[in-house]
Amino acid sequence: MTILGQNQLYLQRRSDLESAIRCIPRGRRILIGSGAGVPTRLVEGLTRYGDHLADNEIVHLLTLGPAPYAEKGMEDRFRHTAFFIGPNVRSAVTEGRADFLPVFLSEIPRLIRSRRMRIDVALIRVSPPDARGYVSLGVAVDIVRAGVAAADLVIAEVNPRMPRTLGDSFLHLSEIHRLVEVDEPLPTLEKTPEDPVYDEIGRNISRLIPDGATIQTGIGRIPDAVARSLTDKHDLGVHTEMLPDAVMTLADAGVITGKKKSVLPGKIVTSFVMGSQALYDWAHDNPAVEMRPSDFTNDPFMIARHDDFIAINAALAVDLTGQVAADTLMGRFFSGIGGQVDFIRGASRSHRGKAIIGMPSTAKGGTLSRIQPVLEEGAGIVTSRGDVHYVVTEYGIADLWGKNIRQRALALIEIAHPDFRQELLAAAKHRRYVFADQRMSREAYPSDEVGIEVLGDGSRVEMRPTRATDEDALQDLLYSLTEKDQLRRLREPDASHPHERLQRVVIQDSERRFGLVVTAAGDTTGELVGWARYEIDPATELAEVSFVVRGTWRHKGMGALLLKRLTQAARERGVRGFQARVRGNHYAMLSIFQDSGLALESQVDGEIHHVVMRFPESGEISDRARKPAEAI
């Protein structure tokens, strides 16, 4: 068709708002465009000029702006069915004037195409046509693409403010039956304020994201906080259902390049864009942004094709077995399934992928724990305990995959708010989830004591304070020691390492004891490669210090790093110094102490060296601490 023909087609289908609305028949199902792509004038026209309508059903995902069709008094004309409950229809669903349809976002296009969910009318917003007569669906392709293809009547607002996005986003004028011209800004979302709790969650999640990973994220405080913590990452990619401002910020900063993506490298793949006007301007005609429908972006099999896929989703509550409630609040429907399960299952099947649930540890101003013994009555389990891998709060990371109920409960209690840990532990004991004598620290686990260190051979390890959940891994490490190893540590070989003994050494007590564990950076097995601890001797007011390093990790400098980190922790906690007993033939350990930079006193009793290392009253440890030392 020539340009002249396109213009004639446009003029033939151009309509005023009232005439377009009066084309809609009674008793039909109407799909409304999603998010910021909501056709606000058409929505307004439904109630202004739709007095002829009756028993019409309106369906959509989350939309921005008013939803007058869901207000009281509209029941005879319209009943809304929500695929995802937004603030503008939440009261209608709660009060029974609207319905909620739980469904995976990836399946909605198939639901529509199969006509199991028949769409009769589609109300959408598009960009102006190009010279060939094509308009763009702009900021919302998601389920709109399938709805347009299935509808008998398509009415579109043509808005010059709608960005022309690329990818699978184009419709020809011949696919649209009525065109209503408007010129108004797209609805926007305000930027979420920074919050120290969410920033800590963001930092914890960022520790799970390697350079070159492909990420999925959404909108809200957690995605924004994660983005603020990713500024030191390199070559991240994006494959997501929703594109927020945070992605634009990271892309402009060079953090997101997509170079390492397994599918559509270099492309930021999304199904809808929602955020600020600056984001819409950035998405306009941007060749890096690839719009695709939800059955592509949210397809778990498509997601799984990406290596290092990181899915980041939120929850309202998690129980001690790992069940996630994300669409209900106080027994009432609050949001929807959305794409959470799609991305969690896809990421779980990705090579080196990670599925993450992030949430603050508390709700209602700190009066309610989001980690709960059992979910409240009426809570909807969006993600099953079998699907959950990582749960993250401001207090740390709980790795649940492959863990039994005892291990899961302990891991989740550890990242709960300290005010609720003992209550949760008591509930776990009551349900026989954990040992009857199980104890846990009341103290928070400071994130600044978690760090990556580089050993002498270039190996990267993570050091952090011990936790109750380290008991099983520590047991494995101790059983890996040979009889010779144990004798060098001045111990007779232990026949066993029971829970009763190990529990005491892994639980922190700032006034008496402190421990560190070491894992290989990026390792997901949970295997410990090193352990160090001190415990204060009341008689001397000095702390007895000891180390264990897995055999294959010795002679790399780990012992020196462990002593350095123990020294820092001990001085911060007011400890006066260390003491240790070392066999005279344990040259590596003696060398570590001698090169520590601490004032060293040693008495020899036969083959045993009694070593005392006192901390200076003030100032830094001497430069000798920086001298390379052979580790145990």
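Predicted model, so just to flag it, every value in this text is computed and none were measured.
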Checklist entry - How about F301: does its CZ atom have over 12 heavy atoms from other parts shown lying under 6.0 Å from it? => result no
Next on the checklist: With a sphere of 6.0 Å drawn around NZ of K260, does it hold more than 12 non-hydrogen atoms of other residues, nucleotides or ligands?
Outcome noted: no
Could you label the plane-to-plane angle of the [X] and [Y] rings as parallel, tilted or perpendicular, counting under 30° as parallel and over 60° as perpendicular?
X: F343; Y: F309; answer: parallel
X: F615; Y: F578; answer: perpendicular
X: F435; Y: H499; answer: tilted

What heavy-atom pair brings [X] and [Y] nearest, and what distance separates the two atoms?
X: R221; Y: P193; answer: NH2-CG, 3.5 Å
X: A227; Y: L250; answer: O-CD2, 3.6 Å
X: D399; Y: T524; answer: OD2-O, 4.0 Å
X: A409; Y: Y433; answer: CB-CB, 4.3 Å
X: R550; Y: L477; answer: NH2-CA, 3.6 Å
X: L412; Y: I371; answer: O-CD1, 3.2 Å

Any [X] side-chain heavy atom under 4.5 Å of [Y] side chain:
X: I536; Y: L542; answer: no
X: P265; Y: K259; answer: no
X: L455; Y: L561; answer: yes
X: V247; Y: P223; answer: no
X: I205; Y: I222; answer: yes
X: T362; Y: R370; answer: no
X: V388; Y: V324; answer: yes
X: D470; Y: W531; answer: no

For [Y], is there any backbone N or O sitting under 3.5 Å from a side-chain donor or acceptor partner on [X]?
X: S596; Y: L598; answer: yes
X: T217; Y: I312; answer: no
X: S602; Y: V611; answer: no
X: Y390; Y: L208; answer: no
X: Q503; Y: R439; answer: yes
X: D595; Y: I592; answer: no
X: R345; Y: V341; answer: no
X: T519; Y: L528; answer: no
X: Q340; Y: A314; answer: yes
X: Q579; Y: V612; answer: no

Think [X] forms a cation-pi with [Y], using NZ or CZ under 6.0 Å from the six-ring centre and within 45 degrees of its axis?
X: R421; Y: Y395; answer: yes
X: R533; Y: F514; answer: no
X: K556; Y: W553; answer: yes

Next on the checklist: Could you go through K564 and T567, starting from their C-alpha distance and side-chain angles, then the distance that decides it, and tell me whether this counts as side chain to side chain contact (heavy atoms under 4.5 Å, CB included)?
Outcome noted: CA-CA 5 Å; K564 178 182 176 182; T567 301; 5.7 Å; no
Item to check | CA sep, side-chain torsions, deciding dist, call: L474, V506, side chain to side chain contact (heavy atoms under 4.5 Å, CB included) | outcome: CA-CA 9 Å; L474 178 58; V506 295; 3.7 Å; yes
Are any of the side-chain nitrogens in [X] or [Y] under 4.0 Å away from the carboxylate oxygens of its partner?
X: E535; Y: R504; answer: yes
X: K261; Y: D235; answer: no
X: E453; Y: R460; answer: no
X: R203; Y: E394; answer: no
X: D245; Y: K191; answer: no
X: D308; Y: R352; answer: yes
X: R406; Y: D472; answer: yes

Interatomic spacing from [atom1] in [X] to [atom2] in [Y] - rounded to 0.5 Å:
X: I608; Y: Q603; atom1: CD1; atom2: CD; value: 13.5 Å
X: I452; Y: R464; atom1: CD1; atom2: CZ; value: 11.5 Å
X: I268; Y: T240; atom1: CD1; atom2: OG1; value: 10.5 Å
X: M359; Y: L316; atom1: CE; atom2: CG; value: 9.5 Å
X: T466; Y: R513; atom1: OG1; atom2: CZ; value: 9.5 Å
X: M330; Y: L368; atom1: CE; atom2: CG; value: 9.5 Å

Next on the checklist: Is there a side chain to side chain donor-acceptor pair (under 3.5 Å) between S262 and R305? Walk through the geometry before answering.
Outcome noted: CA-CA 7 Å; S262 309; R305 288 175 55 190; over 6 Å; no
Checklist outcome for this item: With E541 as partner, the option from R576, R614, R512 fulfilling salt bridge (charged side-chain N to carboxylate O under 4.0 Å, His left out) is R576
Checklist outcome for this item: Exactly one candidate in E414, R408, Q407 meets side chain to side chain donor-acceptor pair (under 3.5 Å) with T469; the answer is E414
Checklist entry - Strictly by modelled atom types, are N313 and Q216 linked by a side-chain donor-acceptor pair under 3.5 Å? => result yes
Next on the checklist: side chain to side chain contact (heavy atoms under 4.5 Å, CB included) for H239 and M302? Distances and angles first, verdict last.
Outcome noted: CA-CA 10 Å; H239 180 103; M302 177 60 65; 4.0 Å; yes
Next on the checklist: Could you walk me through whether L230 and L236 satisfy the side chain to side chain contact (heavy atoms under 4.5 Å, CB included) test, starting with their C-alpha distance in whole Å, then the side-chain angles of each, then the deciding distance to 0.1 Å, before giving a yes or no?
Outcome noted: CA-CA 9 Å; L230 294 178; L236 296 182; 4.0 Å; yes
